[in-house]
Protein chains: 2
Amino acid sequence: MSSIPAAVPAPPSGDEPRRGRPGYDQRQVLDIAVAAFIEHGYDATSMGVLAARLGLSKSAIYHHFPSKGDLLRLALDEALTALEGVLTAPEALQGRAADRLAFVLRGAVIVLVNNISYVTLLLRVHGNTDVERDALARRRAFDRSVTALVVEARDEGSVRSDIDPRIVTRLLFGMINSLVEWYRPGGPENTEKLADDILAVALDGLRTPTADRAG
Amino acid sequence: MSSIPAAVPAPPSGDEPRRGRPGYDQRQVLDIAVAAFIEHGYDATSMGVLAARLGLSKSAIYHHFPSKGDLLRLALDEALTALEGVLTAPEALQGRAADRLAFVLRGAVIVLVNNISYVTLLLRVHGNTDVERDALARRRAFDRSVTALVVEARDEGSVRSDIDPRIVTRLLFGMINSLVEWYRPGGPENTEKLADDILAVALDGLRTPTADRAG
DNA sequence: CGGATTACTGAACGATCGTTCACTTAGTAT
DNA sequence: ATACTAAGTGAACGATCGTTCAGTAATCCG
């Protein structure tokens, strides 16, 4: 029986004052739309309930975005651009494969936590429309890059060779991506400790570490 | 440009002939509905396109199920009942905690693979409706049982104690549940080998095993 | 044959969907 | 004041949604 909480447009927050009538800008609308998409699912979120959350009429949304699909497209692009940025950082391009892999995994955790709404939306997309299919293709390209890194680390002798690298990659991202299901900002863990824990489980497993196995 | 493939009701397959007019029974309709829900998403799957996949009229579906929500409810119940069955098997109730945990994890992999459509649907549910909220509650109860098992295994000394057992459990099911995103039956792996691989990565990590660490 | 049983049709319903359009409102810049 | 710009309103649109209903079709049993 909870009524829909209507948001309020944020003040311009320290910048020089914007021109025109005050209200939401594009980014603020997008943030609230993404939250609604996650809460109800993209298809189940009507422009009507979205407008109610914004405290606006439906037609006002079309002043900021040409269509509902464009809201989704921009949100997915945001998440993908952030993830792809990890792969192009210098630490992902030079050094031992094992170190590059660890950097990318840690970077994926951090990007996911820092953009959790947008990445959550990305991970719930399954190719319904052209917009979703394009996003899926970029996600797969990202996965392929990491798989190549796993292969390098295996050839280098850093990663076990008895399991298919594609399976290893998928299990790794299974762990990391599960963050969107349960991680909530402001919890006891900070991001660094969280990334440490995930890397520890991924690399050494959850069996009790034994003394005779130094890192 | 792919046209919608209309299914055909399966013949009674060896059993004694059914009474009444031949056609789909409830289970066959449910199977096809679940496949459609996965392909397009539950909300985006209209009764119209579902009817087209069945090769029936919309109203014919209401002969088998009272509503679209009931299709979802029965599908989710199927997945949950199968998963909960793992927890009540004898091997999950006696023995060392580490062995019980390994049995449950392996059992979860097998149930997931053997009921991949229904479990996929379950894992995509996020609490939109009462039906989905009930399913989520049962899923959380399942997770709590496994977390308790992880705690026992930790107290027993079998599982590392430097990471919160709830995080360990969530990472474990992050790996296992990711199967619905990439595992396809008929691939090179059989179910046993797959479960072995997942247990191996979960327990020992993906670092190259060293000789001085016997199991 | 007739009755029982199971499966299905076609048209229609009220509701809700995403989107459009002509118009208004509230601020800054000159 | 006037112009300009950004933001928002309210009514309406055609389409599609899940569901209902009265009637029909095809099989088995006796």
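Per chain, numbering begins at 1; letters A, B, ... match sequence-line order.
The pair B:D77-B:R138 meets the salt-bridge criterion, since a charged nitrogen lies less than 4.0 angstrom from a carboxylate oxygen. Residues A:R139 and A:D143 are not paired through a salt bridge, judged by the lack of any N-O separation under 4.0 Å between the basic side chain and the carboxylate.
Side-chain proximity of A:L56 to D:dT9, C:dG18, C:dC8: nearest is D:dT9.
Within the 3.5 Å criterion, the main-chain N or O of B:S46 finds no donor-acceptor partner in the side chain of B:K58.
Distance A:Y62 OH to D:dG10 P: 17 Å, rounded to the nearest Å. To the nearest angstrom, P of C:dC21 lies 15 Å from NZ of A:K58. Straight-line distance from the OH atom of B:Y42 to the P atom of D:dC17: 14 Å, rounded to whole Å. Look at CG on B:D25: it is 7 Å from P on C:dA7, rounded to the nearest Å. Whole-Å rounding puts the A:D43 CG to D:dG18 C1' distance at 15 Å. Distance A:F65 CZ to C:dT20 P: 15 Å, rounded to the nearest Å. In this structure, A:I61 places its CD1 atom 14 Å from C1' of C:dT20, rounding to the nearest Å. As a whole-Å value, the separation of B:M47 CE from D:dA15 C1' is 19 Å.
Rounding to the nearest 0.5 Å gives a distance of 8.5 Å between CG of B:L121 and CD of B:E132. Here the CG-CD distance, from B:D70 to B:Q26, works out to 9.5 Å after rounding to the nearest 0.5 Å. If you take CZ on B:F65 and CG on B:L30, they are separated by 4.5 Å, rounding to the nearest 0.5 Å. With rounding to the nearest 0.5 angstrom, the CG atom of B:D164 is 8.5 Å from the CG atom of A:D197.
Checked against B:R106 for a side chain to side chain contact (heavy atoms under 4.5 Å, CB included), the options B:D196, B:I198, B:V86 give a single hit: B:D196.
Nearest heavy atom pair, residue A:L72 against residue A:F37, reads N-CE1, 4.4 Å. Contact record, B:L112 with B:I176: CD1-O, 3.7 Å, taken as the closest heavy-atom pair.
Within residues 66-74 of chain B, the residues that have a heavy atom under 4.0 Å from DNA chain D are, in order of number, B:S67, B:K68.
Between B:H63 and C:dA7, a side-chain N or O to OP1/OP2 separation shorter than 4.0 Å is present. Applying the 4.0 Å criterion to OP1 and OP2 of D:dG8, one finds that A:H64 has a side-chain N or O inside that range.
Using a 4.0 Å heavy-atom distance criterion, A:S46 is classed as a sugar-phosphate-only contact.
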Next item on the list: Sugar-phosphate means primed atoms, P, OP1 and OP2; the rest is base. With that split, encode nucleotides 22-30 of chain D 5' to 3' as B, S or - using protein heavy atoms under 4.0 Å.
Entry: ---BBBSS-

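Under the 4.5 Å side-chain criterion, counting only non-hydrogen atoms from C-beta, B:L54 is in contact with B:V29. Using a 4.5 Å cut-off on side-chain heavy atoms (C-beta onward), A:Q28 and A:D31 make no contact.
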N/O-N/O pairs, protein side and nucleotides 1-3 of chain C side, under 3.5 Å:
none

